[in-house]
Number of protein chains: 2
Amino acid sequence: MADRQDIHTSGVPALCEACEARHRGICGALSPDQLLGLSKTSSKQKIEAGAELVGDQETIDHYSNVLGGVVKLTKTLSDGRQQIVGLQFAPDFLGRPFRAESAINAEAATDVALCSFPKATIERMMKESPGLEHLLLTQTLKELDEARDWMVTLGRKTAAEKVASFLLLIARNIDPTARTRPGASFDLPLTRADIADFLGLTIETVSRQLTRLRADGVIRIENNRHVVIDHMARLEARSGI
Amino acid sequence: MADRQDIHTSGVPALCEACEARHRGICGALSPDQLLGLSKTSSKQKIEAGAELVGDQETIDHYSNVLGGVVKLTKTLSDGRQQIVGLQFAPDFLGRPFRAESAINAEAATDVALCSFPKATIERMMKESPGLEHLLLTQTLKELDEARDWMVTLGRKTAAEKVASFLLLIARNIDPTARTRPGASFDLPLTRADIADFLGLTIETVSRQLTRLRADGVIRIENNRHVVIDHMARLEARSGI
DNA sequence: CGTAAGTTTGAGCAGGTTCAACCGGTGTGG
DNA sequence: CCACACCGGTTGAACCTGCTCAAACTTACG
């Protein structure tokens, strides 16, 4: 358990040393002391695709950082119609603060790596260090911005525009080179059914629109899951900006 | 400018004495000193329906509290298609913290009463008092919850269910008795065009669905604007819960 | 009284859904 | 080893909800 002691990791728990959440995530707001305290009660875990992380109306007793993979947040009507209301990527914080019960369902869309810790610990630290609450506010505002962007897509875009918008969203979140290169390449983290639930469409419509984008040479699809976009600009032109 | 000095208002600026935002809104998190400081640079104003409060891509230099009326937040695609992405009622806080530019458009849906103050003042106070940031986080989380509920409506509900859901939303936010009595009664704060932009529908479809609800005896409509709901339960049954 | 803005109503159309069949890869058991 | 079932995905055809275009109506207001 002896940490390598240098300028950057002095006092940082071994568990957290290489962790992305320490740099771009919630843990960056914690003092070394707090980080140490949190790391004692936290645990990294691998979750496989399809597993439920938080059930609707379940009491919440822990929060998590997403360290890898994609988590989908869903809501379901009583007759089974489902809508994905959020996607979380590393290093997002997973959990609804200040609520005993979850109003949404969280499920691993791909294999997921999490770092979980007790709700009580974080809520105590939030009272101690304003920086943590500030970071949470920042992330929540970002999620609200994204949700509102998505409301435009759901309410006002055509099926073709919805699918193009979705591909752009995924490319920007998964392929780190997508912001610099003119193209992108990635594995879709969602099944056709998930994409349909995300876009408020049926799987058939999603499939047809993907086929059409491929036929028009805007994207290439390999193995049903891997997508190559040569010219992001052409996809953007179809996303109804 | 001499304040009446009693237990509840000691040190409270005259401007703020009867203000709802002091109790249920953002200002409740401020110390008497801060409230005084803020009140010196803030101004109450009446805005008439239709006026633009914040333009898309405009630089933000002030925030506001909504003291009365309804503010609609909209996003518009380049070809003019529009979507309402949020409605704000008293005593909501209006403005996007930590952003120089607005990504959305804010417009008075009805006549609106605001209390505005400089962005810089609030951001300084946020650093001083964690309670303020906590309240902002709370409101932002609430808005995120609402946005996600609305994504389900936009993505998965039928036109009939959308209109019923909208009426329920308004009833709960405008008619204070709606939570206790079985019925409700209120003026619609939005035109048919606004309702359509809110629901991702056309005005014709909204009109037809309202007519149908009226024909079925679920609601009564007077003067095109005033709505009476005798049995909320019947409306809920049509909202696709 | 006349105009304008907002709303309702009607008829035809089309985008997306529904229902159904098929395809290809993978895992399982005889 | 092959037959078979299963799962995710694709494709086709018919249908229907909500949209488009057009016209009438209602209310407010000068």
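Within every chain, numbering begins at 1; the chains are lettered A, B, ... in the order of the sequence lines, protein sequences first and strands thereafter.
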Between CD of A:Q209 and C1' of D:dG9 the distance, given in whole Å, is 15 Å
Separation of A:E222 atom CD from D:dG8 atom C1', in whole Å? 18 Å
Short N-O contact, A:D56 and A:K75, less than 4.0 angstrom: no
Atom pair CG/NE2 of B:L235 and B:H231 - distance to nearest 0.5 Å: 12.0 Å
Answer with base, sugar-phosphate or nothing: what part of the nucleic acid does B:G50 contact at a heavy-atom distance below 4.0 Å? nothing
Examine the base of D:dT20 for any acceptor or donor lying under 3.5 Å from a partner atom in the side chain of B:R208, and report the outcome as yes or no. yes
Whole Å only: how far is the CD atom of A:E204 from the C1' atom of D:dG9? 10 Å
In this structure, how many angstroms lie between the P atom of D:dC19 and the CG atom of B:D197, rounded? 12 Å
Using the side chain to side chain donor-acceptor pair (under 3.5 Å) rule, pick out the option among A:T76, A:D197, A:D79 that qualifies with B:R156. A:D197
Nucleotide range of DNA chain C contacted by chain B, 5' to 3', under 4.0 Å to a heavy atom? C:dT7 to C:dA11
Mark yes or no for whether A:E58, through its side chain, and A:G55, through its backbone, hold a donor-acceptor pair below 3.5 Å. yes
Under 4.0 Å, heavy atoms only, any strand: does A:I203 hit a base, just the sugar-phosphate, or nothing? nothing
Starting at atom CD of B:E161, determine the distance to atom P of D:dT17, rounded to an integer number of angstrom. 12 Å
A:P189 and A:I170 have their tightest heavy-atom pair at CD-CG2, 3.7 Å
Please report the distance, rounded to the nearest Å, between NZ in B:K162 and P in D:dG18. 8 Å
Which whole-number value in Å describes the distance from B:L199 CG to D:dC19 P? 10 Å
For A:R212, answer base if it contacts any base atom (sugar-phosphate contacts may also be present), sugar-phosphate if it contacts only those atoms, and nothing otherwise; contact means non-hydrogen atoms under 4.0 Å. nothing
Would you indicate what B:L201 reaches in the nucleic acid, counting non-hydrogen atoms under 4.0 angstrom: base, sugar-phosphate, or nothing? sugar-phosphate
Within 6.0 angstrom of A:R81 CZ, more than 12 heavy atoms from elsewhere: yes
List the protein contact pattern of nucleotides 24-30 of chain D with one symbol per nucleotide (5' to 3'): B for base contact, S for sugar-phosphate-only contact, - for none; contact means a heavy-atom distance under 4.0 Å. -------
A:S207 vs D:dT10: side-chain N/O to OP1/OP2 distance below 4.0 Å: yes
Rounding to 0.5 Å, atoms CZ (B:F198) and CG (B:L154) come to a distance of 8.0 Å
Over 12 non-hydrogen atoms of neighbours within 6.0 angstrom of NZ in A:K46: no
Test ring pair (Phe, Tyr, Trp, His ring centres under 6.0 Å) on A:Y63 and A:F117 and set out the steps. CA-CA 6 Å; A:Y63 296 135; A:F117 25 78; 7.3 Å; no
Closest heavy-atom pair and its distance - B:A106, B:L73: CB-CD2, 3.8 Å
Once you apply a heavy-atom cut-off of 4.0 Å, does A:T191 come out as touching a base, just sugar-phosphate, or nothing? sugar-phosphate
Closer than 4.0 Å, any side-chain N/O of A:T211 to the OP1 or OP2 of D:dT11? yes
